[in-house]
Number of protein chains: 2
Amino acid sequence: MKISAQEEYGLRCLVQLANLQPGESLTLPQIAEREGISTANAGKLMWLLNKAGFVHSTRGTKGGYFLARPASEVRLNEVIKVLDQDVLNKHCESYTGVLDSCVHNGDCGIRPVIVGLHEIVENALSQITLAQLVGTESSVDAMFHQIKGIHRTLEAQRI
Amino acid sequence: MKISAQEEYGLRCLVQLANLQPGESLTLPQIAEREGISTANAGKLMWLLNKAGFVHSTRGTKGGYFLARPASEVRLNEVIKVLDQDVLNKHCESYTGVLDSCVHNGDCGIRPVIVGLHEIVENALSQITLAQLVGTESSVDAMFHQIKGIHRTLEAQRI
DNA sequence: GCAAAACATTATTTTTTTGTCAAGATTGGT
DNA sequence: ACCAATCTTGACAAAAAAATAATGTTTTGC
Ligand code: FES
Ligand code: FES
């Protein structure tokens with residue numbers, strides 16, 4: 001269970017744009033330099049995000065990228081879904097094994113785990129907006145702990 | 001954010017062993033056939049799980065694999081951690097980009113998200129044991145929804 | 001003791017993911 | 001009109017992950 005490079009860098013690029021003042025924009029070389037990735041790579045990421053409608057772009061001199069929506073209205077689960085090539089949902093069909101579908105079709109004890117995990121992650125991500133990621137690390141961390149705090153309570157009860 | 005093939009299949013193999021009666025065991029070909037993967041692949045997975053101490057094995061004719069601990073004492077977060085090559089924790093050092101470490105070292109808004117997500121997943125997994133996965137799909141699903149239910153409550157409050 | 005059945009371990013191949021390159025298209029300034 | 005800065009897009013190459021193959025070791029049963 002890990003976050004893919006595309007998910008992470010795509011999100012990072014969006015955060016860079018979220019840091020801008022209204023009216024400002026960033027070019028590909030600027031984004032690439034600020035995140036320490038190549039311009040070509042940033043280009044592909046931004047192309048994805050543009051296609052998905054998260055950013056707008058202007059061509060030509062003085063062009064660049066800027067957020068299409070206010071950062072406070074962009075939830076992280078939407079972003080991740082786009083960057084992850086939508087392979088998350090339909091798990092049982094795209095089975096890597098020899099068989100076409102999962103051998104446990106009909107009554108499967110694994111499916112709830114896979115699906116449930118994705119739901120938990122999605123739910124956590126849906127509670128975070130881009131705007132919440134522009135602050136200092138400690139403020140972001142504190143925000144995140146509100147979500148995790150609920151879990152700790154549950155765990156404490158269980159023991 | 002997705003579960004890797006190794007995580008999924010390793011977990012599946014363990015569930016197969018958890019289904020056994022005490023004293024029984026499964027051979028590699030049996031495990032492979034039940035999960036629809038190749039014998040060689042199952043062999044590698046079981047080797048990992050054996051090395052990590054989750055299963056014991058006996059060689060020779062009438063050999064096979066069986067759980068080293070009761071299924072009710074094996075938590076999923078331990079299993080996943082072993083199958084995922086421990087790359088989960090130290091994220092900021094193993095940065096794929098051009099730089100040695102994350103460009104935001106010192107004050108990073110992304111780090112809490114990465115770390116926090118892993119903690120949330122780990123926490124959820126730590127609440128599930130192998131024994132809970134041997135039932136019918138609906139029973140496993142119901143168990144999982146107890147965990148997710150907490151999230152729903154939180155979400156409802158937020159709105 | 002020998003052969004068959006089974007696990008153990010390392011190496012190789014295949015597939016998927018990630019990152020790069022290059023040619024094209026659009027805009028703004030001069 | 002021209003040029004330079006910029007995004008766009010598809011093809012390509014490198015890296016990582018996954019799966020397979022190959023070889024070796026141990027045990028059982030005869
Ligand atoms: S039926 Fe899809 S994971 Fe089992
Ligand atoms: S410092 Fe590690 S993700 Fe930013």
Side-chain angles (χ1 to χ4, degrees), chain A residues 1-13 17 24-33 35-68 83-88 94-99, chain B residues 1-13 17 24-33 35-68 83-88 94-99:
Chain A
M1 204 75 188
K2 76 166 69 156
I3 201 167
S4 76
Q6 224 175 144
E7 288 170 302
E8 176 174 348
Y9 290 133
L11 183 56
R12 284 165 184 272
C13 293
L17 295 186
E24 289 181 327
S25 67
L26 285 180
T27 69
L28 275 184
Q30 285 175 322
I31 295 175
E33 198 236 341
E35 282 305 335
I37 60 180
S38 72
T39 303
N41 202 359
K44 185 155 76 171
L45 264 343
M46 295 312 292
W47 174 69
L48 268 175
L49 292 170
N50 188 14
K51 209 175 53 167
F54 288 111
V55 302
H56 284 157
S57 64
T58 54
R59 294 217 242 196
T61 316
K62 301 295 177 190
Y65 292 94
F66 55 94
L67 287 184
L83 293 169
D84 211 8
Q85 300 140 184
D86 296 322
V87 205
L88 299 192
S94 62
Y95 198 75
T96 329
V98 180
L99 303 170
Chain B
M1 204 75 188
K2 75 167 70 158
I3 201 167
S4 76
Q6 222 175 142
E7 288 171 302
E8 175 174 346
Y9 290 134
L11 183 57
R12 283 166 184 272
C13 293
L17 295 185
E24 287 182 328
S25 68
L26 285 180
T27 70
L28 276 182
Q30 285 175 321
I31 295 175
E33 198 236 340
E35 282 304 336
I37 61 180
S38 74
T39 302
N41 203 359
K44 185 158 74 172
L45 263 344
M46 295 312 292
W47 176 66
L48 269 175
L49 292 170
N50 188 13
K51 210 173 50 166
F54 288 111
V55 303
H56 283 157
S57 65
T58 53
R59 295 219 240 195
T61 317
K62 301 294 176 190
Y65 292 93
F66 55 95
L67 288 184
L83 291 169
D84 212 9
Q85 302 141 182
D86 298 320
V87 204
L88 301 192
S94 62
Y95 198 74
T96 329
V98 179
L99 303 171

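Atom set for the values below is all heavy atoms of this structure, side chains included, hydrogens, waters and symmetry mates excluded.
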May I ask you to verify if any side-chain N or O of Asn50(B) is less than 4.0 angstrom from the OP1 or OP2 atom of dA8(C)?
-> yes
Would you please confirm or rule out a distance under 4.0 Å between OP1 or OP2 of dT12(C) and any side-chain N or O of Lys44(B)?
-> no
Side-chain N or O of Tyr9(B) closer than 4.0 Å to phosphate OP1/OP2 of dA17(D) = no
Touch class at under 4.0 angstrom, heavy-atom based, for Gly64(A) against every strand present = sugar-phosphate
Kindly give the heavy-atom pair with the smallest separation between Tyr65(B) and Leu17(B), and that separation in Å.
-> O-CD2, 3.6 Å
Tabulate below the donor-acceptor pairs under 3.5 Å that side-chain atoms of residues 40-56 of chain A make, not counting sequence neighbours, or state none.
{"from": "Asn50(A)", "atom 1": "ND2", "to": "Ser57(A)", "atom 2": "OG", "distance (Å)": "3.4"}

Taking CG from Leu28(A) and C1' from dT9(D), how many angstroms apart are they, rounded to a whole number?
-> 13 Å
Looking only at side-chain atoms of Ser4(B), point me to the closest of dA18(D), dT18(C), dT20(C).
-> dA18(D)
Side chain of Ser57(A) - closest among dA18(D), dC7(C), dT8(D) = dT8(D)
Which part of the nucleic acid does Thr39(B) contact within heavy-atom distance under 4.0 Å: base, sugar-phosphate only, or nothing?
-> nothing
What is the distance from atom CE of Met1(B) to atom CG of Leu83(A), rounded to the nearest 0.5 Å?
-> 14.0 Å
Distance in angstrom units between Lys2(B) NZ and dA17(D) C1', rounded = 11 Å
Among dA19(D), dA8(C), dC7(C), which is the nearest nucleotide to the side chain of Trp47(B)?
-> dA8(C)
Kindly point out which of dT20(C), dG19(C), dT8(D) is positioned nearest to the side chain of Ala40(A)?
-> dT20(C)
Find the distance Leu49(A):CG to dT8(D):P and express it as a whole number of Å.
-> 11 Å
Nucleotide nearest Thr27(A) (side chain, heavy atoms from C-beta), chosen from dT6(D), dG19(C), dA8(C) | dT6(D)
Interatomic distance where CD1 belongs to Ile31(B) and P belongs to dA5(C) [whole Å] = 18 Å
Looking at CD of Glu8(A) and SG of Cys13(A), how far apart are the two atoms once the value is rounded to the nearest 0.5 Å?
-> 10.5 Å
Taking N or O atoms only and anything under 3.5 Å, show me the protein contacts with nucleotides 23-27 of chain D, one pair per line.
{"from": "dT25(D)", "atom 1": "O2", "to": "Arg59(B)", "atom 2": "NH1", "distance (Å)": "3.2"}

Taking only residues two or more places apart in sequence, or in another chain, which ones meet Ser4(A) in a side chain to side chain donor-acceptor pair (under 3.5 Å)?
-> Glu7(A)
In whole angstrom, give the distance that lies between atom NE2 of His56(B) and atom C1' of dA6(C).
-> 18 Å
Quick one: pull up NZ in Lys62(A) and OG in Ser25(A) and give me the separation to the nearest 0.5 Å.
-> 9.5 Å
Length of the line joining Leu45(A):CG and dT8(D):C1', which is rounded to integer Å | 15 Å
Look at the side chain of Lys62(A) and the base of dA5(D), then say whether one donor and one acceptor between them are separated by less than 3.5 Å.
-> no
Please state how far atom CG in Leu48(A) lies from atom P in dG10(D), giving the value in whole angstrom units.
-> 12 Å
Interatomic distance where CD belongs to Gln6(B) and P belongs to dT15(C) [whole Å] = 18 Å
